[in-house]
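To keep things clear, I will list the structure first and then write my remarks on it.
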Amino acid sequence: MADVEYLQSIIQPHPDFPKKGINFLDILPILRDPIAFETLITHLVHHITSQTVPKSLRKKVDVVVGLDARGFLIGPIIALRLGASFVPVRKRGKLPGDCVSATYEKEYGADSFEMQSDAILPGQSVIIVDDLIATGGSAKAAGELVQKLGGVTIEYLFIIEIMFLKGYQCLDAPAYSVIQHLD
């Protein structure tokens with residue numbers, strides 16, 4: 001696909017960041033290029049409307065959930081294009097009001113995500129969005145939050161998937177990534 005190759009050419013690798021042995025894939029150059037950013041959003045929305053929604057029970061997306069922090073960059077735009085609400089998932093203590101929480105494992109120990117407890121209604125169809133899936137821990141925690149509120153995750157969307165880590169295997173719904181990175 002020409003759009004995928006185009007986006008892949010804009011992503012910048014940063015070896016040994018944030019620590020030695022990690023090859024960080026930076027999506028921010030896509031956001032600095034209006035044509036690339038529009039290409040990314042259009043690609044994701046087309047995937048949702050042509051593949052995800054037709055296969056879903058309710059035939060629509062009610063809520064787009066974006067993970068802290070890069071999911072906040074694309075999630076609201078996708079939600080607007082779909083006529084859906086946007087719900088942020090934040091690190092513990094960053095959201096006001098009553099929240100539900102889920103814990104997940106990181107390289108250096110456990111961390112927690114929260115979502116406001118009135119953000120999703122029972123039965124609503126949800127798509128969860130983030131920039132990258134590696135081990136899948138943070139996405140899985142977001143899915144647990146959706147489930148706690150009675151929502152139904154119909155798909156997880158990522159810009160990049162680190163293929164060898166197989167993070168999608170721990171998720172409770174199908175996953176789609178624009179770019180599959182092999183190493």
Side-chain angles (χ1 to χ4, degrees), residues 1-14 17-18 22-33 36-53 55-56 61 63-82 84 86-91 102 104-107 111 113 115 125-147 151-183:
M1 271 190 193
D3 55 345
V4 172
E5 292 166 0
Y6 170 59
L7 293 170
Q8 203 162 16
S9 74
I10 295 172
I11 291 172
Q12 293 179 350
H14 294 276
F17 182 83
I22 302 287
N23 188 25
F24 185 84
L25 300 171
D26 187 5
I27 65 155
L28 296 180
I30 291 174
L31 305 183
R32 290 192 300 261
D33 179 334
F37 199 7
E38 179 61 39
T39 300
L40 173 65
I41 298 299
T42 299
H43 180 97
L44 290 168
V45 170
H46 180 263
H47 168 78
I48 295 165
T49 58
S50 68
Q51 302 295 316
T52 308
V53 169
K55 295 175 188 171
S56 71
V61 176
V63 179
V64 175
V65 167
L67 276 65
D68 194 345
R70 288 188 176 92
F72 298 175
L73 301 173
I74 59 174
I77 300 167
I78 293 169
L80 279 172
R81 298 252 178 115
L82 296 174
F86 175 75
V87 172
V89 167
R90 303 266 346 245
K91 294 196 171 153
Y104 64 99
E105 290 298 319
K106 293 174 56 173
E107 304 84 44
D111 207 348
F113 269 156
M115 179 186 291
S125 296
V126 178
I127 288 180
I128 297 174
V129 178
D130 202 5
D131 66 327
L132 181 135
I133 181 169
T135 62
S138 58
K140 180 181 177 188
E144 289 170 6
L145 294 173
V146 169
Q147 193 173 43
V152 178
T153 301
I154 59 174
E155 189 168 49
Y156 292 83
L157 286 179
F158 306 97
I159 300 170
I160 302 169
E161 176 182 354
I162 308 299
M163 297 291 288
F164 76 92
L165 294 173
K166 300 183 181 186
Y168 61 89
Q169 290 181 343
C170 71
L171 303 177
D172 62 347
Y176 175 77
S177 55
V178 177
I179 295 166
Q180 293 79 39
H181 190 74
L182 300 176
D183 56 6

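This chain uses plain numbering: 1 for the first residue, then up along the sequence.
Residues T39 and Y6 are in side-chain contact: their nearest non-hydrogen atoms beyond the backbone lie under 4.5 Å apart. For the pair I77 and F37, the minimum side-chain heavy-atom distance is below 4.5 Å. Counting only heavy atoms from C-beta outward, the side chains of L67 and V129 never approach each other to under 4.5 Å. Looking only at side-chain heavy atoms (C-beta outward), H181 and L25 come within less than 4.5 Å of each other. Side-chain atoms of T52 and I127, non-hydrogen and from C-beta on, do get closer than 4.5 Å to each other.
Listed by chain and residue number, nothing satisfies the ring pair (Phe, Tyr, Trp, His ring centres under 6.0 Å) test with F72 (two or more places apart in sequence, or in another chain). Scanning for ring pair (Phe, Tyr, Trp, His ring centres under 6.0 Å) contacts around F113 gives Y104, with sequence neighbours left out. With sequence neighbours excluded, the residues satisfying side chain to side chain contact (heavy atoms under 4.5 Å, CB included) with I22 are P18, K19. Partners of L82 under the side chain to side chain contact (heavy atoms under 4.5 Å, CB included) rule, at least two apart in sequence or in another chain, are V45, I48, T49, V61, V64, I78, A84. In this view, H46 and S50 satisfy the side chain to side chain contact (heavy atoms under 4.5 Å, CB included) rule, not counting sequence neighbours. Every residue two or more places apart in sequence or in another chain that forms a side chain to side chain donor-acceptor pair (under 3.5 Å) with T42 is listed here: E38. Here T153 pairs with nothing under the side chain to side chain donor-acceptor pair (under 3.5 Å) rule; sequence neighbours left out. Qualifying ring pair (Phe, Tyr, Trp, His ring centres under 6.0 Å) partners for H47, counting only residues two or more places apart in sequence or in other chains: Y176. In this view, D68 and R90 satisfy the side chain to side chain donor-acceptor pair (under 3.5 Å) rule, not counting sequence neighbours. Remark: D111 engages K106 in a salt bridge (Lys or Arg N to Asp or Glu O under 4.0 Å) (not counting sequence neighbours). For P29, the side chain to side chain contact (heavy atoms under 4.5 Å, CB included) criterion is met by I10, Q12, D26, R32, not counting sequence neighbours.
The distance from the CG atom of L28 to the CG atom of L73 is 7.0 Å, given to the nearest 0.5 Å. D130 contributes atom CG, which lies 10.5 Å from atom CG of L157 (distance to the nearest 0.5 angstrom). Atom CD in E144 sits 5.5 Å away from atom NZ in K140 (nearest 0.5 Å). Note: K91 NZ to S138 OG = 8.5 Å, rounded to the nearest 0.5 Å.
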**OP:** Let me see the working for L7 and I179 under side-chain contact (heavy atoms from CB on, under 4.5 Å), right down to the final yes or no.
**Re:** CA-CA 8 Å; L7 293 170; I179 295 166; 4.2 Å; yes
**OP:** Dump the intermediate steps for side-chain contact (heavy atoms from CB on, under 4.5 Å) on L132 and F158, then the final yes or no.
**Re:** CA-CA 5 Å; L132 181 135; F158 306 97; 5.9 Å; no
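Nearest heavy-atom pair across V4 and V178 is CG1-O, 3.5 Å. Of all non-hydrogen atoms in G71 and P76, the two that sit nearest each other are O-CD, 4.0 Å. Contact record, F86 with A79: CB-CB, 4.0 Å, taken as the closest heavy-atom pair.
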Please list, one pair per line, the donor and acceptor atoms closer than 3.5 Å that link side chains of residues 159-172 to other protein atoms, with sequence neighbours excluded.
from	atom 1	to	atom 2	distance (Å)
E161	OE1	S177	OG	2.8
D172	OD1	Y156	OH	2.5

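The number of heavy atoms from other shown groups lying within 6.0 Å of CD (Q147) does not exceed 12.
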